K.L.:
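Sending over a structure as structure tokens; questions will come in a sec.
All figures in this text were calculated on a predicted structure; none of them were measured in a lab. Numbers restart at 1 for each chain; the letters A, B, ... are given by sequence-line order, proteins then strands.
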Amino acid sequence: MEPKRILLVEDDTFTRELYEEVLKDAGFNIETAVDGEDGLSKIKIGGFDLILLDVMMPKKDGLEVLRDLKNNPPVSQNGQIVLLTNLTHDPVINMALSMGVKDHLIKSDITPGELVEKVKEYLGGKSQDKNQAPTHPES
Amino acid sequence: MPLSIFSKSPYSEKIFKSLWEISKVVLETVDFEKATKEVVNIVLNELGELKYGYDAIVLTLLDTQQNQLKRIAISQTEVAAKFLNSTPIPFQEIAIPLSAVNNLAVKSILEGKVQTTSRMSEILCPGLPLEWVDHLQEKLGTKTGLVFPLSAREKNLGALIFSLNKGKNKISKEEWTILETYVGTVGIALDNALLFKSLNETKQKLEVANNRLRELDKLKDDFVSVASHELRTPMTAIKSYIWMGLNKKKNELSPELEKYLVRSYISVERLINLVNDMLNISRIEGGRVALRLSEVSLVALAKEVIDEVMPKAQEKTIKLIVNENSFPAVICDKDKIHEVYLNLIGNALKFTPKNGQIKIDFKEDGPYLETMVTDSGVGIAPENLAKLFTKFGRLENSYTAIAESGGTGLGLYISKSLVELHKGKINASSPGVGRGTTFTFTLPIASSQVGKLLEKEAPKETSETKDLEKTNINVI
């Protein structure tokens, strides 16, 4: 079975390489982007099963990326977008949710192991069901 | 004072009416400018009605900063108009220095009693040129000048100057009494007006200061928010990489190395929680926390929280019991009270040894529902109970427990603040060291008066309000 393709858009090097390592170990196919612009161009190429999108990034932040996507949807479809954030600022999260993001994860709250669990949930395990509703992350 | 007039003598209805008019000004006017002008005119009107021969009244006020007596208001009469038209010094600039102790206005204040004269210059000079005053008096035919000191609440306010076109000996006893009554009332009116003036000024200054404080507070919160975010990135990296070391490289770790990593992990979690707590406190104290109220079953909420902490309780084989009987729903912000429960139950887990028990019970108390979290743990000595809900108010013998379990010392303070935001109360009791502890907090029942009051008065969400950061509980 083809491994799922995940795009990780995260500007902090340590965080990005950590998540990349952990998700690769878990058997996923990971691509990364280092800022909003980089992320946007990769998303537009499309074909990802899951996109993990950081909020605070240089060049374009997460919300701007979402806005751009709304106005110019990518040619090739993508799966769900999950917001990665270190802020519990509801307006930002709510805005992202209204722009099509399915869920958000608070980086400082989750361990790498929990990230893998959540990603597996989002990707619905072995089934083709991409519409599985994600549960709200516990504190 | 009016009462004594009533009982003593045949004072006419007219006098009462005029006293009432003045009293009305006293009661109704708080505007300084208005009060002074109206009072002077009304007094004169009334005196005019009584046909006592009064020409003009001038109200002067003490200016203590510049040590002088200043003219503030003058009645609107013909005589007054003539005075105003011909005065060489503009009315508002006429002032008598308090050092002129022979001036009758000054004298009236210094001696605390009325002064009379047939020479207006004794009242108006040195504020005005002597010759001019004498000349004017001749022209206007003013025969007598009276000066009454004005005071209220034993404070000197100024002086009221009357000019009459009749001789001093024509003033009847009755008239003196009426004059004194009027003057007393004018004193009160003035005092009120002055008070309100100073109140307004203070209010404005306070508003400016308040706005500035709000701005600073907002800047502080923005700073704290940004700083917290900046702090979190490296803290997340530390926490995550240590986790990797402990989990991915488990087999390569010596027991010593594992211990070092475990302690580092706990410490950084403690740090993350501390940053969260400080951010929360900054928001609560800055009034930037809103309540999203709804009817909540505290029994159901308690069960949710217990599900969350079950794994940790099982590690210590501690039993968690909830009274599942039916209790009335309360009005509260579910997320906030969830945090309160996590804090109290988390603490109970921390301070209860293996095989212990934690019980959550409820009780109706008037308009409130009381929640009691009782543990079979280490208990608290009575002298330490007060410190519990303060910031970092740790108990001495709990340092070990806290140090090893990543607590911040701020949890109870935050819980207290949150409960009080809901118009509830929180406290702790313990039979003593080694005999367990009970934490009790109250919340308003949904249909009660307090509940309705809370719905009305609770801080609502605005663009300035923020949510609380979630803290993790760690139990060793």
K.L.:
CG/B/Asn247 to CG/A/Asp25 distance, rounded to the nearest 0.5 angstrom?
P.N.:
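These two atoms lie 12.0 Å from each other.
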
K.L.:
Would you say NZ of B/Lys460 has more than 12 non-hydrogen atoms from neighbouring residues, nucleotides or ligands within 6.0 angstrom?
P.N.:
yes

K.L.:
So for atom NZ, which belongs to B/Lys303, do other residues, nucleotides or ligands contribute more than 12 heavy atoms lying within a distance under 6.0 Å?
P.N.:
no

K.L.:
List in chain and number order the residues that pass side-chain hydrogen bond (donor to acceptor under 3.5 Å, both in side chains) with A/Glu21, two or more places apart in sequence or in another chain; answer none if no residue qualifies.
P.N.:
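Listed in chain order: B/Lys248.
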
K.L.:
Do you know which two heavy atoms are closest between A/Pro112 and B/Ser240, and how far apart they sit?
P.N.:
CG-O, 3.7 Å

K.L.:
In terms of heavy-atom pairs under 4.5 Å, which option from A/Leu115, A/Leu18, A/Val22, A/Thr15 contacts chain B the most?
P.N.:
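Maximum pair count with chain B is reached by A/Leu18.
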
K.L.:
Can you name the closest pair of heavy atoms from A/Phe14 and B/Tyr241 and give their distance?
P.N.:
O-OH, 2.9 Å

K.L.:
If every non-hydrogen atom of A/Thr111 is compared with every non-hydrogen atom of B/Lys239, which pair is closest and at what distance?
P.N.:
CG2-CE, 4.3 Å

K.L.:
Determine whether more than 12 heavy atoms belonging to other residues, nucleotides or ligands lie under 6.0 Å from atom CD of B/Glu457.
P.N.:
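Atom CD in B/Glu457 is packed in, count exceeds 12.
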
K.L.:
Just checking A/Lys42: does its NZ atom have more than 12 heavy atoms from other residues, nucleotides or ligands closer to it than 6.0 angstrom?
P.N.:
yes

K.L.:
Is chain B contacted by the side chain of A/Glu10, its backbone, both, or neither, given a heavy-atom distance below 4.5 Å?
P.N.:
neither

K.L.:
In Å, rounded to the nearest 0.5 Å, how long is the span from CG of A/Asp109 to CZ of B/Arg232?
P.N.:
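The distance works out to 7.5 Å.
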
K.L.:
What are the two closest non-hydrogen atoms of A/Tyr19 and B/Thr236, and how far apart are they?
P.N.:
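Looking at all heavy atoms of both residues, the closest pair is OH-CG2, 4.5 Å.
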
K.L.:
Using non-hydrogen atoms and a limit below 4.5 Å, what part of residues 29-37 of chain A faces chain B?
P.N.:
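If one takes a 4.5 Å heavy-atom cut-off, no residue of residues 29-37 of chain A lies near chain B.
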
K.L.:
Between B/Ile272, B/Asn273, B/Asn276, which is the residue that forms a side-chain contact (heavy atoms from CB on, under 4.5 Å) with A/Ser108?
P.N.:
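Of all the options given, the one that passes is B/Ile272.
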
